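Here is the structure we will look at, set down as structure tokens.
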Amino acid sequence: MYITHQPDPVRLEIFKNLYQFIAEQMGIVLQNTAASVNIKERLDFSCAIFDTSGLLVANAPHIPVHLGSMSESVRSLINDQGDTIQPGNVYLSNNPYNGGTHLPDVTAITPVFLEDNTSSPTPHSPLPTPLFYVASRGHQADIGGITPGSMPPHSTTVEEEGILFDNFLLVKQGKFQEIQVREILSNHPYPARNPDQNLADFKAQIAANTRGVQELRKMVSQYGIETVQAYMKFVQDNAEEAVRRAINLLKNGSFNYAMDNGAEIKVKVTIDKKNRSAIIDFTGTSPQINSNFNAPKAVTQAAVLYVFRTLVEDNIPLNAGCLKPLEIIIPVGSLLNPTYPAAVVAGNVETSQTIVDALYGALGVMAGSQGTMNNFTFGNQHYQYYETICGGSGAGVNFDGTDAVHTHMTNSRLTDPEVLETRYPVLVESFSLRPDSGGKGQHSGGNGVIRRIRFLEPMTANILSSHRLVQPFALNEGEPGKVGHNWIERQDGTQENLNSTATVEMQPGDVFVIETPGGGGFGTVS
């Protein structure tokens with residue numbers, strides 16, 4: 001195919017969809033081959049393809065907090081292992097200080113070469129450079145740490161949250177490194193509780209990446225490497241232009257948003273109309289704290305990327321081009337750019353939501369959503385389970401919020417009750433809307449939900465949540481959403497109220513009750 005400096009509009013649309021199709025195919029393989037409920041049923045995973053520099057080209061519509069941060073992981077691999085990357089290798093990473101989000105989110109990265117020559121190079125034949133990279137990130141049901149499920153509410157260092165992989169060689173020239181992986185999973189102060197399941201899910205991620213490699217090679221075979229690489233850049237350029245057009249419609253703004261733990265996120269957005277660009281400045285945000293609500297820099301960038309992508313009406317893939325018009329200022333050592341060994345497990349799932357809502361507040365486009373993923377984990381040495389629970393979304397200038405929806409940085413689903421009750425000794429006693437929890441307004445916020453889980457065996461349960469004290473904000477004189485509540489109903493009839501974060505021992509017959517927040521309203525109630 002003849003290459004020009006300007007993309008053909010028809011071919012641009014074709015390639016844009018082809019790249020996304022490959023990521024979607026990877027996701028289908030991962031879902032079908034995974035062992036854990038977390039990946040197979042809740043779909044807590046993401047797949048994407050990257051260019052030779054590790055910049056995001058396209059993704060499937062999976063988990064926003066994964067997709068906006070995975071490029072940092074791929075580029076970390078290139079920087080650390082660039083001279084040794086060979087065909088047939090697959091790398092594993094979950095380091096929050098190298099593009100990871102939190103330790104349960106483990107990324108498998110596969111470099112793509114045109115041929116799988118896994119023989120050792122001779123001294124006179126330098127290693128080829130990967131043409132692309134494919135990656136899949138999956139939330140492991142347990143990766144160690146001080147509580148089952150690896151989402152400890154009260155961790156203070158990253159080591160307490162589980163096992164850290166930093167560009168670990170998972171597959172070496174086509175050979176799965178099982179002995180080495182098992183050694184890492186077991187040789188830790190807080191080892192993984194179910195290594196067999198970890199290995200099974202890692203293999204599913206390898207399979208997903210293999211599908212991505214195969215599909216990219218087909219594309220190259222059909223169109224030629226020059227065309228495929230040229231249109232990767234064109235797709236990124238197209239996304240950049242779409243974001244610049246969206247920025248041109250925005251106004252300057254700022255917002256301060258407090259969290260239940262007293263930390264505060266401050267953001268100022270400055271729009272440069274001449275250059276159609278924006279500065280997003282988090283100066284003034286609280287310093288990193290001695291809890292796990294610190295958000296790694298990659299998570300903060302992912303939240304910004306998500307917000308500006310949602311402001312684009314065009315059908316574009318989320319990719320590196322979306323970031324080019326944005327200058328993001330995040331002070332080192334702050335809540336949104338912590339330094340090692342700060343704990344981060346809640347920063348990924350909770351603080352990321354606060355960042356998104358604060359940005360929407362600064363731009364004046366949308367009231368606060370539930371602002372939490374309502375992370376619920378339970379388990380023991382035999383079972384480990386994790387879920388995020390839906391709530392109300394915020395209202396906007398011309399729309400109501402939505403009831404019972406996973407908002408913003410999470411995009412997973414709840415496990416079907418039949419599957420949950422088959423795989424674990426629990427009963428979903430009820431799951432219902434929470435009436436009147438959304439804030440009223442000219443446009444009203446969405447309602448949260450009430451979820452009741454009855455335990456049939458002794459287990460440790462954890463809740464890691466937000467907006468149990470601070471209401472989701474309203475805009476333009478609407479009413480805020482209602483805060484959430486967590487409590488235990490013991491078998492003897494007593495009730496124990498819980499804070500935003502809590503670890504409790506559940507006995508047979510005990511019920512864990514979670515009421516999720518509603519979204520804020522927009523505009524005066526007429």
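Keep in mind that this is a model prediction, so the values were computed, not measured.
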Decide, yes or no, whether a salt bridge links Arg137 with Asp105 under the criterion of side-chain N to carboxylate O below 4.0 Å.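 Asp105 and Arg137: not salt-bridged.
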Does Asp196 pair with Arg182 as a salt bridge, N-O distance under 4.0 Å?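 Yes, Asp196 and Arg182 are salt-bridged.
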Assess, by modelled atom type and distance only, whether the side chains of [X] and [Y] contain a donor and an acceptor separated by less than 3.5 Å.
X: Tyr386; Y: Asn375; answer: yes
X: Glu350; Y: Ser466; answer: yes
X: Gln353; Y: Thr372; answer: no
X: Ser412; Y: Thr388; answer: yes
X: Arg309; Y: Asn319; answer: no
X: Arg452; Y: Ser432; answer: no

With a 6.0 Å cut-off on the ring centroids, do [X] and [Y] count as close?
X: Phe45; Y: His139; answer: no
X: Phe168; Y: Tyr91; answer: no
X: His154; Y: Phe293; answer: no
X: Phe378; Y: Phe376; answer: yes

Between [X] (side chain only) and [Y] (backbone N and O only), is there a donor and an acceptor less than 3.5 Å apart?
X: Arg211; Y: Asn209; value: no
X: Gln177; Y: Lys175; value: yes
X: Asn94; Y: Phe165; value: yes

Kindly indicate whether the side chain of [X], heavy atoms from C-beta on, has any atom under 4.5 Å from the side chain of [Y].
X: Arg454; Y: Phe512; answer: no
X: Val513; Y: Asn486; answer: no
X: Phe202; Y: Gln140; answer: yes
X: Asp357; Y: Leu359; answer: no
X: Phe431; Y: Val449; answer: yes

Below 30° counts as parallel, above 60° as perpendicular, anything between as tilted: where do the rings of Tyr385 and Tyr424 land?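 Because their plane-to-plane angle lies in the 30° to 60° range, the rings of Tyr385 and Tyr424 count as tilted.
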Identify the two heavy atoms, one from Asp260 and one from Ser500, that lie closest to each other, and give their separation to 0.1 Å.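 Closest pair (atom of Asp260, atom of Ser500, distance): OD2-OG, 2.8 Å.
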State which residues pass side chain to side chain contact (heavy atoms under 4.5 Å, CB included) with Phe399; sequence neighbours excluded, sorted by chain then number.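 Testing Phe399 for side chain to side chain contact (heavy atoms under 4.5 Å, CB included), a comparison that skips the adjacent residues, returns Met366.
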Check the surroundings of atom CG in Asn499: do more than 12 heavy atoms from other residues, nucleotides or ligands lie under 6.0 Å from it?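 It does not: Asn499 CG has 12 such atoms or fewer within range.
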Donor-acceptor contacts, no H, no angles, side chain residues 145-152, under 3.5 Å, sequence neighbours left out:
from: Ser150; atom 1: OG; to: Ile143; atom 2: N; distance (Å): 2.6
from: Ser150; atom 1: OG; to: Gly144; atom 2: N; distance (Å): 3.2
from: Ser150; atom 1: OG; to: Gly144; atom 2: O; distance (Å): 2.6

Thr300, Thr310, Leu318 screened by side chain to side chain contact (heavy atoms under 4.5 Å, CB included) with Leu305, the one that passes: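 The residue from Thr300, Thr310, Leu318 that satisfies side chain to side chain contact (heavy atoms under 4.5 Å, CB included) with Leu305 turns out to be Leu318.
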